[in-house]
Q: 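I'd like to ask you about the structure that follows.
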Number of protein chains: 2
Amino acid sequence: MSAPVKYSSQREAILRFLKSRKDHPTADVVFHHIRKDIPNISLATVYRNLNQLAAAGIILRLTTDGKTDHFDACVEPHYHFCCRGCNGVMDIDMEPFPELTKKAEEVSNYKIEQATILFSGLCDCCKDKL
Amino acid sequence: MSAPVKYSSQREAILRFLKSRKDHPTADVVFHHIRKDIPNISLATVYRNLNQLAAAGIILRLTTDGKTDHFDACVEPHYHFCCRGCNGVMDIDMEPFPELTKKAEEVSNYKIEQATILFSGLCDCCKDKL
DNA sequence: CTTAATAATGATAATGGTTACTATTATTAG
DNA sequence: CTAATAATAGTAACCATTATCATTATTAAG
(Lines give C-alpha, C1' and ligand atoms only; values in the text may rest on other atoms or scores of the structure.)
Protein backbone atom coordinates (compact mmCIF):
# COMPACT_ATOMS: atom_id res chain seq x y z
CA MET A 1 0.00 0.00 0.00
CA SER A 2 3.05 2.28 -0.38
CA ALA A 3 3.25 5.17 -2.84
CA PRO A 4 4.37 4.26 -6.37
CA VAL A 5 8.08 4.68 -7.06
CA LYS A 6 8.34 3.47 -10.64
CA TYR A 7 6.39 4.58 -13.65
CA SER A 8 3.90 2.23 -15.28
CA SER A 9 1.75 2.80 -18.34
CA GLN A 10 -1.08 0.88 -16.70
CA ARG A 11 -1.18 3.25 -13.75
CA GLU A 12 -1.07 6.25 -16.05
CA ALA A 13 -3.98 4.88 -18.08
CA ILE A 14 -6.01 4.18 -14.93
CA LEU A 15 -5.47 7.68 -13.60
CA ARG A 16 -6.18 9.27 -16.97
CA PHE A 17 -9.41 7.33 -17.28
CA LEU A 18 -10.54 8.30 -13.79
CA LYS A 19 -9.83 11.96 -14.52
CA SER A 20 -11.94 11.79 -17.66
CA ARG A 21 -15.03 10.71 -15.76
CA LYS A 22 -17.46 12.78 -13.77
CA ASP A 23 -19.15 9.75 -12.26
CA HIS A 24 -17.16 7.62 -9.87
CA PRO A 25 -16.44 4.24 -11.42
CA THR A 26 -15.86 1.00 -9.56
CA ALA A 27 -12.65 -1.00 -10.00
CA ASP A 28 -14.49 -3.32 -12.34
CA VAL A 29 -15.68 -0.48 -14.57
CA VAL A 30 -12.16 0.91 -14.70
CA PHE A 31 -10.87 -2.55 -15.60
CA HIS A 32 -13.28 -3.05 -18.50
CA HIS A 33 -12.60 0.38 -19.99
CA ILE A 34 -8.83 0.16 -19.71
CA ARG A 35 -8.97 -3.23 -21.41
CA LYS A 36 -9.90 -1.52 -24.65
CA ASP A 37 -6.48 0.16 -24.70
CA ILE A 38 -4.47 -2.45 -22.80
CA PRO A 39 -6.20 -5.75 -23.58
CA ASN A 40 -4.18 -7.92 -21.24
CA ILE A 41 -4.23 -5.69 -18.17
CA SER A 42 -5.06 -7.65 -15.05
CA LEU A 43 -7.87 -6.86 -12.65
CA ALA A 44 -5.33 -7.21 -9.85
CA THR A 45 -3.28 -4.43 -11.43
CA VAL A 46 -6.31 -2.16 -11.43
CA TYR A 47 -6.98 -2.82 -7.75
CA ARG A 48 -3.30 -2.46 -6.85
CA ASN A 49 -3.02 0.90 -8.54
CA LEU A 50 -6.31 2.25 -7.27
CA ASN A 51 -5.17 1.36 -3.76
CA GLN A 52 -1.79 2.95 -4.27
CA LEU A 53 -3.23 6.13 -5.71
CA ALA A 54 -5.76 6.37 -2.90
CA ALA A 55 -3.08 5.76 -0.26
CA ALA A 56 -0.96 8.48 -1.84
CA GLY A 57 -3.90 10.89 -1.72
CA ILE A 58 -4.02 11.23 -5.49
CA ILE A 59 -7.54 9.79 -5.76
CA LEU A 60 -10.40 9.19 -3.35
CA ARG A 61 -12.00 5.91 -2.37
CA LEU A 62 -15.76 6.15 -1.83
CA THR A 63 -17.33 3.51 0.38
CA THR A 64 -21.09 3.51 0.02
CA ASP A 65 -23.94 1.33 1.25
CA GLY A 66 -23.42 -0.88 -1.80
CA LYS A 67 -20.76 -3.52 -1.55
CA THR A 68 -18.36 -2.18 -4.14
CA ASP A 69 -16.12 0.83 -3.66
CA HIS A 70 -16.09 3.73 -6.09
CA PHE A 71 -13.16 5.96 -7.00
CA ASP A 72 -12.94 9.69 -7.60
CA ALA A 73 -10.07 11.59 -9.22
CA CYS A 74 -11.18 14.81 -7.53
CA VAL A 75 -9.67 14.99 -4.05
CA GLU A 76 -11.06 18.43 -3.17
CA PRO A 77 -13.46 17.95 -0.23
CA HIS A 78 -16.99 17.61 -1.56
CA TYR A 79 -20.15 15.64 -0.89
CA HIS A 80 -21.55 12.61 -2.65
CA PHE A 81 -24.89 11.04 -3.35
CA CYS A 82 -25.55 7.33 -3.83
CA CYS A 83 -28.71 6.30 -5.65
CA ARG A 84 -30.39 3.24 -4.20
CA GLY A 85 -32.00 2.61 -7.57
CA CYS A 86 -28.99 2.39 -9.88
CA ASN A 87 -26.21 2.36 -7.26
CA GLY A 88 -24.60 5.25 -9.10
CA VAL A 89 -22.50 7.74 -7.15
CA MET A 90 -22.72 11.42 -8.06
CA ASP A 91 -21.28 14.68 -6.78
CA ILE A 92 -23.32 17.14 -4.80
CA ASP A 93 -22.23 20.64 -5.77
CA MET A 94 -22.42 22.48 -2.50
CA GLU A 95 -19.68 24.06 -0.46
CA PRO A 96 -18.54 21.91 2.47
CA PHE A 97 -19.28 22.84 6.09
CA PRO A 98 -15.90 22.77 7.85
CA GLU A 99 -17.63 23.69 11.13
CA LEU A 100 -19.12 20.19 11.17
CA THR A 101 -15.71 18.62 11.76
CA LYS A 102 -14.68 21.31 14.20
CA LYS A 103 -17.81 20.80 16.27
CA ALA A 104 -17.44 17.03 16.22
CA GLU A 105 -13.84 17.26 17.39
CA GLU A 106 -14.82 19.57 20.27
CA VAL A 107 -17.59 17.28 21.39
CA SER A 108 -15.73 13.99 21.12
CA ASN A 109 -12.06 14.47 22.00
CA TYR A 110 -11.13 12.26 19.06
CA LYS A 111 -8.53 13.25 16.47
CA ILE A 112 -10.80 13.72 13.47
CA GLU A 113 -8.98 13.57 10.17
CA GLN A 114 -11.84 13.25 7.77
CA ALA A 115 -15.58 13.78 7.45
CA THR A 116 -17.51 11.71 4.95
CA ILE A 117 -20.91 13.04 4.01
CA LEU A 118 -22.93 10.69 1.86
CA PHE A 119 -26.50 11.40 0.87
CA SER A 120 -28.69 8.65 -0.48
CA GLY A 121 -32.06 8.30 -2.11
CA LEU A 122 -33.15 8.39 -5.74
CA CYS A 123 -31.46 10.17 -8.61
CA ASP A 124 -33.28 11.93 -11.45
CA CYS A 125 -33.64 8.80 -13.56
CA CYS A 126 -34.69 6.45 -10.77
CA LYS A 127 -37.04 8.99 -9.18
CA ASP A 128 -39.52 8.39 -12.02
CA LYS A 129 -39.04 4.67 -12.47
CA LEU A 130 -39.52 3.65 -8.83
CA MET B 1 -35.54 -8.88 3.39
CA SER B 2 -39.17 -8.53 4.53
CA ALA B 3 -40.20 -7.59 8.06
CA PRO B 4 -40.43 -10.46 10.57
CA VAL B 5 -43.90 -11.96 10.96
CA LYS B 6 -43.25 -14.74 13.46
CA TYR B 7 -41.56 -14.53 16.80
CA SER B 8 -38.17 -16.12 17.33
CA SER B 9 -36.10 -16.30 20.48
CA GLN B 10 -32.96 -15.85 18.40
CA ARG B 11 -34.16 -12.54 17.03
CA GLU B 12 -35.17 -11.38 20.48
CA ALA B 13 -31.73 -12.25 21.86
CA ILE B 14 -29.98 -10.46 19.01
CA LEU B 15 -32.03 -7.31 19.50
CA ARG B 16 -31.61 -7.41 23.27
CA PHE B 17 -27.86 -7.77 22.89
CA LEU B 18 -27.64 -4.90 20.44
CA LYS B 19 -29.65 -2.67 22.78
CA SER B 20 -27.30 -3.47 25.64
CA ARG B 21 -24.27 -2.14 23.77
CA LYS B 22 -23.14 1.41 23.29
CA ASP B 23 -20.58 0.48 20.69
CA HIS B 24 -21.82 -0.84 17.38
CA PRO B 25 -20.92 -4.49 17.01
CA THR B 26 -20.39 -6.36 13.78
CA ALA B 27 -22.44 -9.42 12.86
CA ASP B 28 -19.57 -11.60 13.95
CA VAL B 29 -19.36 -9.99 17.38
CA VAL B 30 -23.10 -10.40 17.82
CA PHE B 31 -22.78 -14.03 16.81
CA HIS B 32 -20.05 -14.86 19.31
CA HIS B 33 -21.86 -13.17 22.20
CA ILE B 34 -25.24 -14.73 21.48
CA ARG B 35 -23.55 -18.12 21.32
CA LYS B 36 -23.01 -17.97 25.07
CA ASP B 37 -26.78 -18.08 25.56
CA ILE B 38 -27.82 -19.99 22.44
CA PRO B 39 -24.82 -22.23 21.71
CA ASN B 40 -26.10 -23.64 18.42
CA ILE B 41 -27.27 -20.40 16.84
CA SER B 42 -26.10 -20.08 13.26
CA LEU B 43 -24.15 -17.18 11.84
CA ALA B 44 -26.65 -17.12 9.00
CA THR B 45 -29.44 -16.55 11.49
CA VAL B 46 -27.58 -13.58 12.91
CA TYR B 47 -27.13 -12.06 9.46
CA ARG B 48 -30.72 -12.84 8.48
CA ASN B 49 -32.15 -11.16 11.55
CA LEU B 50 -29.84 -8.15 11.44
CA ASN B 51 -30.94 -7.61 7.84
CA GLN B 52 -34.61 -7.97 8.72
CA LEU B 53 -34.39 -5.63 11.66
CA ALA B 54 -32.52 -3.06 9.59
CA ALA B 55 -35.04 -3.35 6.74
CA ALA B 56 -37.86 -2.84 9.23
CA GLY B 57 -36.14 0.27 10.58
CA ILE B 58 -35.71 -1.24 14.04
CA ILE B 59 -31.92 -1.08 13.92
CA LEU B 60 -29.36 0.77 11.81
CA ARG B 61 -26.71 -0.67 9.52
CA LEU B 62 -23.46 1.31 9.54
CA THR B 63 -21.22 0.95 6.51
CA THR B 64 -17.77 2.30 7.20
CA ASP B 65 -14.45 2.36 5.40
CA GLY B 66 -13.69 -1.02 6.92
CA LYS B 67 -15.00 -4.06 5.14
CA THR B 68 -17.47 -5.23 7.77
CA ASP B 69 -20.76 -3.55 8.59
CA HIS B 70 -21.67 -2.48 12.10
CA PHE B 71 -25.13 -2.36 13.69
CA ASP B 72 -26.75 0.17 16.00
CA ALA B 73 -29.92 -0.32 18.03
CA CYS B 74 -30.40 3.45 18.23
CA VAL B 75 -32.25 4.66 15.16
CA GLU B 76 -32.48 8.30 16.18
CA PRO B 77 -30.47 10.32 13.63
CA HIS B 78 -26.97 10.85 14.97
CA TYR B 79 -23.39 10.93 13.75
CA HIS B 80 -20.70 8.29 13.95
CA PHE B 81 -16.95 8.10 14.16
CA CYS B 82 -14.82 5.25 12.86
CA CYS B 83 -11.32 4.85 14.28
CA ARG B 84 -8.71 3.86 11.71
CA GLY B 85 -6.60 2.40 14.51
CA CYS B 86 -8.98 -0.11 16.09
CA ASN B 87 -11.80 0.01 13.50
CA GLY B 88 -14.22 0.70 16.32
CA VAL B 89 -17.34 2.75 15.64
CA MET B 90 -18.51 5.26 18.23
CA ASP B 91 -21.28 7.82 18.53
CA ILE B 92 -20.68 11.51 18.21
CA ASP B 93 -22.96 13.33 20.63
CA MET B 94 -23.92 16.40 18.70
CA GLU B 95 -27.29 17.49 17.39
CA PRO B 96 -27.78 16.77 13.67
CA PHE B 97 -27.89 19.51 11.05
CA PRO B 98 -31.12 18.95 9.12
CA GLU B 99 -30.28 21.94 6.90
CA LEU B 100 -27.52 19.84 5.33
CA THR B 101 -30.04 17.55 3.68
CA LYS B 102 -32.33 20.41 2.74
CA LYS B 103 -29.49 22.28 1.05
CA ALA B 104 -28.31 19.17 -0.78
CA GLU B 105 -31.80 18.47 -2.09
CA GLU B 106 -32.13 22.05 -3.36
CA VAL B 107 -28.81 21.95 -5.13
CA SER B 108 -29.14 18.50 -6.69
CA ASN B 109 -32.76 17.82 -7.64
CA TYR B 110 -32.39 14.30 -6.25
CA LYS B 111 -34.88 12.76 -3.82
CA ILE B 112 -32.70 12.58 -0.73
CA GLU B 113 -33.93 10.14 1.85
CA GLN B 114 -30.94 9.89 4.12
CA ALA B 115 -27.74 11.66 5.07
CA THR B 116 -24.88 9.63 6.47
CA ILE B 117 -22.21 11.57 8.29
CA LEU B 118 -19.20 9.52 9.25
CA PHE B 119 -16.14 11.05 10.83
CA SER B 120 -12.89 9.16 10.90
CA GLY B 121 -9.50 9.48 12.53
CA LEU B 122 -8.11 8.23 15.82
CA CYS B 123 -10.03 7.54 19.01
CA ASP B 124 -8.74 8.27 22.51
CA CYS B 125 -6.91 4.98 22.86
CA CYS B 126 -5.34 4.93 19.40
CA LYS B 127 -4.42 8.62 19.50
CA ASP B 128 -1.57 7.80 21.89
CA LYS B 129 -0.45 4.49 20.44
CA LEU B 130 -0.06 5.66 16.84
C1' DC C 1 -55.51 -29.67 22.31
C1' DT C 2 -54.54 -31.20 17.57
C1' DT C 3 -53.33 -30.06 13.15
C1' DA C 4 -51.98 -27.81 9.01
C1' DA C 5 -49.55 -23.99 6.96
C1' DT C 6 -45.52 -21.77 6.73
C1' DA C 7 -41.92 -18.69 8.79
C1' DA C 8 -37.51 -19.31 10.93
C1' DT C 9 -33.59 -21.99 11.82
C1' DG C 10 -28.88 -24.51 11.45
C1' DA C 11 -25.53 -26.21 8.63
C1' DT C 12 -23.11 -25.46 4.88
C1' DA C 13 -22.24 -24.42 -0.03
C1' DA C 14 -21.91 -20.62 -3.02
C1' DT C 15 -21.03 -15.79 -4.24
C1' DG C 16 -18.50 -11.70 -5.21
C1' DG C 17 -15.37 -8.12 -4.30
C1' DT C 18 -10.77 -7.78 -3.08
C1' DT C 19 -6.09 -9.33 -1.94
C1' DA C 20 -2.08 -12.58 -1.92
C1' DC C 21 1.16 -15.14 -4.45
C1' DT C 22 4.58 -16.08 -7.98
C1' DA C 23 7.00 -16.28 -12.10
C1' DT C 24 7.89 -12.90 -15.64
C1' DT C 25 8.50 -8.20 -17.57
C1' DA C 26 9.57 -3.29 -17.41
C1' DT C 27 11.78 0.64 -15.31
C1' DT C 28 15.63 2.98 -13.72
C1' DA C 29 20.03 4.17 -11.48
C1' DG C 30 24.86 3.47 -12.10
C1' DC D 1 24.61 -2.40 -20.92
C1' DT D 2 23.65 -4.40 -16.73
C1' DA D 3 22.04 -5.32 -12.21
C1' DA D 4 18.54 -4.40 -8.90
C1' DT D 5 13.99 -4.40 -8.11
C1' DA D 6 9.26 -2.41 -8.74
C1' DA D 7 5.28 -3.60 -11.36
C1' DT D 8 2.66 -6.80 -13.95
C1' DA D 9 -0.48 -10.85 -15.55
C1' DG D 10 -2.69 -14.69 -14.23
C1' DT D 11 -4.71 -17.06 -10.86
C1' DA D 12 -5.54 -18.96 -6.30
C1' DA D 13 -6.98 -17.65 -1.86
C1' DC D 14 -9.64 -14.86 1.40
C1' DC D 15 -13.50 -13.37 3.88
C1' DA D 16 -17.83 -11.10 4.68
C1' DT D 17 -22.19 -12.06 3.30
C1' DT D 18 -26.02 -14.59 1.03
C1' DA D 19 -28.46 -18.64 -0.89
C1' DT D 20 -30.03 -23.26 -0.38
C1' DC D 21 -32.54 -26.75 1.81
C1' DA D 22 -34.00 -30.09 5.03
C1' DT D 23 -35.67 -29.61 9.73
C1' DT D 24 -37.89 -27.18 13.63
C1' DA D 25 -40.83 -23.73 15.79
C1' DT D 26 -44.65 -20.54 15.69
C1' DT D 27 -49.26 -19.50 14.97
C1' DA D 28 -53.97 -19.43 13.39
C1' DA D 29 -58.03 -22.38 12.76
C1' DG D 30 -60.91 -26.20 13.80
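All chains are named by letter (A, B, ...) in the order of the sequence lines, taking the proteins before the strands, and each is independently numbered beginning at 1. Heavy atoms only: backbone and side chains are in, while hydrogens, waters and symmetry mates are out.
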Q: Please determine whether the number of non-hydrogen atoms from other residues, nucleotides or ligands lying under 6.0 Å from atom CD of A:Glu99 exceeds 12.
A: yes
Q: Considering just the side-chain nitrogens and oxygens of B:Tyr47, establish if one lies under 4.0 Å of OP1 or OP2 belonging to D:dT17.
A: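 Checking B:Tyr47 against D:dT17: at least one side-chain N or O falls below 4.0 Å of OP1 or OP2.
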Q: Check whether any side-chain N or O of A:Asp72 sits under 3.5 Å from a backbone N or O of A:Cys74 as a donor-acceptor pair, and report yes or no.
A: yes
Q: Side-chain N or O of B:Asn51 less than 4.0 angstrom from OP1 or OP2 on D:dT18?
A: yes
Q: A:Tyr7 side chain: which of D:dT18, C:dT28, D:dA16 is closest?
A: C:dT28
Q: Check the side chains of B:Arg61 and B:Asn51 for a donor-acceptor pair under 3.5 angstrom, ignoring hydrogens and angles.
A: yes
Q: Nearest whole angstrom, please: distance from the P of C:dG17 to the CZ of A:Phe31.
A: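 Answer to the nearest Å: 13 Å.
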Q: Hey, mind stepping through B:Tyr110 and B:Glu105 against side-chain contact (heavy atoms from CB on, under 4.5 Å) and telling me if it holds?
A: CA-CA 6 Å; B:Tyr110 305 146; B:Glu105 202 153 35; over 6 Å; no
Q: Donor-acceptor pair, distance only, cut-off 3.5 Å: does the side chain of B:Ser108 make one with the backbone of B:Ala104?
A: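 Checking the backbone N and O of B:Ala104 against the side chain of B:Ser108, a donor-acceptor pair under 3.5 Å is found.
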Q: Using a 4.0 Å heavy-atom cut-off, does A:Asp69 contact any base of the nucleic acid, only the sugar-phosphate backbone, or nothing at all?
A: sugar-phosphate
Q: Please confirm whether any donor atom in the side chain of A:Lys6 sits under 3.5 Å from an acceptor in the base of D:dT5, or the reverse.
A: yes
Q: Please report the shortest heavy-atom distance between B:Phe97 and B:Glu95, naming the atom on each side.
A: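 So the two residues come closest at CD1-O, 3.5 Å.
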Q: Classify every nucleotide of nucleotides 9-14 of chain C by which part a protein heavy atom approaches to under 4.0 Å, writing B for the base, S for the sugar-phosphate alone and - for neither, in 5'-to-3' order.
A: BBBB--
Q: Nearest whole angstrom, please: distance from the C1' of C:dT27 to the CD of A:Glu12.
A: 14 Å
